[in-house]
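Excluded from the calculations below are hydrogen atoms, water molecules and symmetry mates; all remaining heavy atoms, backbone and side chain alike, are included.
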Number of protein chains: 2
Amino acid sequence: MPATSLPEDISPLTVNRLSVYLRCLRRLQELGETRTSSKALARRFHLSATQIRKDLAQFGEFGIRGVGYEVAELKEGLETLLGVHRTHPAVLVGAGNIGTALARFPGFSSGGFRIFAIFDNDLDKVGRRIRDIEVFHSRDLGRVVAEVGAEIGILAVPAAAAQENCDALVAAGIQAVLNFAPVQLEAGPAVRVKNVDLLIFLEELAFFLK
Amino acid sequence: MPATSLPEDISPLTVNRLSVYLRCLRRLQELGETRTSSKALARRFHLSATQIRKDLAQFGEFGIRGVGYEVAELKEGLETLLGVHRTHPAVLVGAGNIGTALARFPGFSSGGFRIFAIFDNDLDKVGRRIRDIEVFHSRDLGRVVAEVGAEIGILAVPAAAAQENCDALVAAGIQAVLNFAPVQLEAGPAVRVKNVDLLIFLEELAFFLK
DNA sequence: GATTGTGAATAGATTCACAGCT
DNA sequence: AGCTGTGAATCTATTCACAATC
């Protein structure tokens, strides 16, 4: 029986691993497996069995001692924990290369997120649609964010425009920002910001090249 | 005087922060600042002054006690440490949404990386060019990777095709893989893999929404 | 007999506090 | 006087080892 209580201090590292576990369970379900164990998951997906158990233990008891975990049950438990059992409304700011790719990315819609609007200040793009999502002018950001009740803002604008667009998102009441621009954004403490800097990923790889 | 010695056990966390510091220094240089200090950096970019010093200390002495750091000198030191003082040859596998956006992304070329070839198995795409980079058929991956001497492979293919393409990259002698597919890849211990899963980023944000 | 869940032990990362330079 | 570089102290994360359960 999943308890799904929500303790206060959970590390992002743990949360990221929960996402990984969720992927693994979805994969097992595709393969028709109905039951698993921390050891089986660890072996197959190169994880740590102890860590899986410790991570889950923070949220309740998901397994049966001596037996293991019910795949469907644990999967649903993780979906609930991560909050992807419902769909989160999001908006995308920036309809350039990366923004367009994100708008077309099918994974979001099937994974608990939906982009309801795109913003750009290029008048050639305003009014067009990317995958059925309308592109609005940036000046309408506040209004549209409120209308669609967006919780998450995805920032895919040039570095120089990132802070002002972040400010606009925050002013419009957004709660979390996924930022693809290579700048350290300044948002209030109430807004969670996650930075995704493609160059930093490559630089990490470059560092470890011998 | 930068020592730029290379100790053996450096954490990826440290390396990512070095990348952040490098961005900060570039920004200061744009603004015409010629000298800075750990405290000044920390205040301006919301970092930890002690941590900046500790991170740098692992690689030598970059500053002057009582004075601070020379912006240009520290910037170059970090570029050398991260290995971006030279350009790393890379290839991109997958010319779909994300692959195309990556190929067009100007940041790579200006940041120490260059994509020399794109691979796809869609014959409609083979032979075309994206931003002057030729799209080859995936069957030519081994030959072309060897020809251009690619060190880094960027994987932007569907999940189901990720492992086989990773295998092909590894067989061709690639040393590091940046993987955008939502799968835990199996590469040898000699190959460094960095996973970038957009859904996991959003799930982290979703978790922390109240 | 097998596996979970967990306190204790270990390893790793960050912060503190100050000696050592300029 | 002010800042770097660093050992010591603290905090965080992971792993070990085993009691509890099926």
> Quick one: side-chain contact (heavy atoms from CB on, under 4.5 Å) partners of Ala159(A), sequence neighbours excluded?
Replying inline: Pro182(A), Val183(A)
> Can you tell me how far C1' of dT4(D) sits from CD of Gln51(B), to the nearest Å?
Replying inline: 16 Å
> Taking CG from Leu13(A) and P from dA13(C), how many angstroms apart are they, rounded to a whole number?
Replying inline: 11 Å
> Regarding Ser38(B) and Arg53(B), is there a side-chain donor-to-acceptor distance under 3.5 Å anywhere?
Replying inline: yes
> Can you check the Leu47(B) CG to dT14(C) C1' distance for me, whole Å?
Replying inline: 14 Å
>> Could you tell me how far apart Tyr21(B) (OH) and dT4(D) (P) are, to the nearest whole angstrom?
In response: 12 Å
>> Suppose we screen for salt bridge (charged side-chain N to carboxylate O under 4.0 Å, His left out). Which residues come up paired with Glu76(B), at least two apart in sequence or across chains?
In response: none
>> For a quick check of understanding: with a heavy-atom distance under 4.0 Å over all strands, which category does Thr14(B) fall into, base, sugar-phosphate or nothing?
In response: nothing
>> According to ring-ring contact (aromatic ring centres under 6.0 Å, His included), does anything in residues 11-51 of chain A pair up with another residue at least two apart or in another chain? List the pairs.
In response: none
> Which residues within residues 24-41 of chain A lie with some heavy atom under 4.0 Å of an atom in DNA chain C?
Replying inline: Ser37(A), Ser38(A), Lys39(A)
>> For Lys75(B), give me all partners under side-chain contact (heavy atoms from CB on, under 4.5 Å), at least two apart in sequence or on another chain.
In response: Leu22(B), Leu25(B), Arg26(B), Gln29(B), Glu79(B)
N/O contacts under 3.5 Å, protein versus nucleotides 6-11 of chain D?
from	atom 1	to	atom 2	distance (Å)
dG7(D)	O6	Lys54(B)	NZ	2.8

> Tell me, which pairs form a side-chain hydrogen bond (donor to acceptor under 3.5 Å, both in side chains) where one or both residues lie in residues 188-198 of chain A, sequence neighbours left out?
Replying inline: Asn179(A)-Asn195(A), Lys194(A)-Glu204(B), Asp197(A)-Arg23(B)
> For dG2(D), does OP1 or OP2 lie under 4.0 Å from any side-chain N or O of Tyr69(B)?
Replying inline: no
>> Going by side-chain hydrogen bond (donor to acceptor under 3.5 Å, both in side chains), name the pairs with one or both residues in residues 88-106 of chain B, residues two or more places apart or in two chains.
In response: Arg86(B)-His88(B), His88(B)-Glu151(B)
> Whole Å only: how far is the CG atom of Asp55(B) from the P atom of dT14(C)?
Replying inline: 7 Å
> When you check the phosphate oxygens OP1 and OP2 of dT14(D), does a side-chain N or O of Ser48(A) lie under 4.0 Å from one of them?
Replying inline: no
>> Nearest whole Å is fine: how far is dC3(D) C1' from Ile52(B) CD1?
In response: 13 Å
> Rounding to a whole Å, what distance do you find between Arg43(B):CZ and dC3(D):P?
Replying inline: 9 Å
> Taking only residues two or more places apart in sequence or in another chain, which ones pass ring-ring contact (aromatic ring centres under 6.0 Å, His included) with Phe105(A)?
Replying inline: Phe108(A)
>> I need the minimum non-hydrogen distance between Val93(B) and Val157(B), along with the two atoms involved.
In response: O-CG1, 3.4 Å
>> Can you measure Leu74(B) atom CG to dT4(D) atom C1' for me and round it to whole angstrom units?
In response: 12 Å
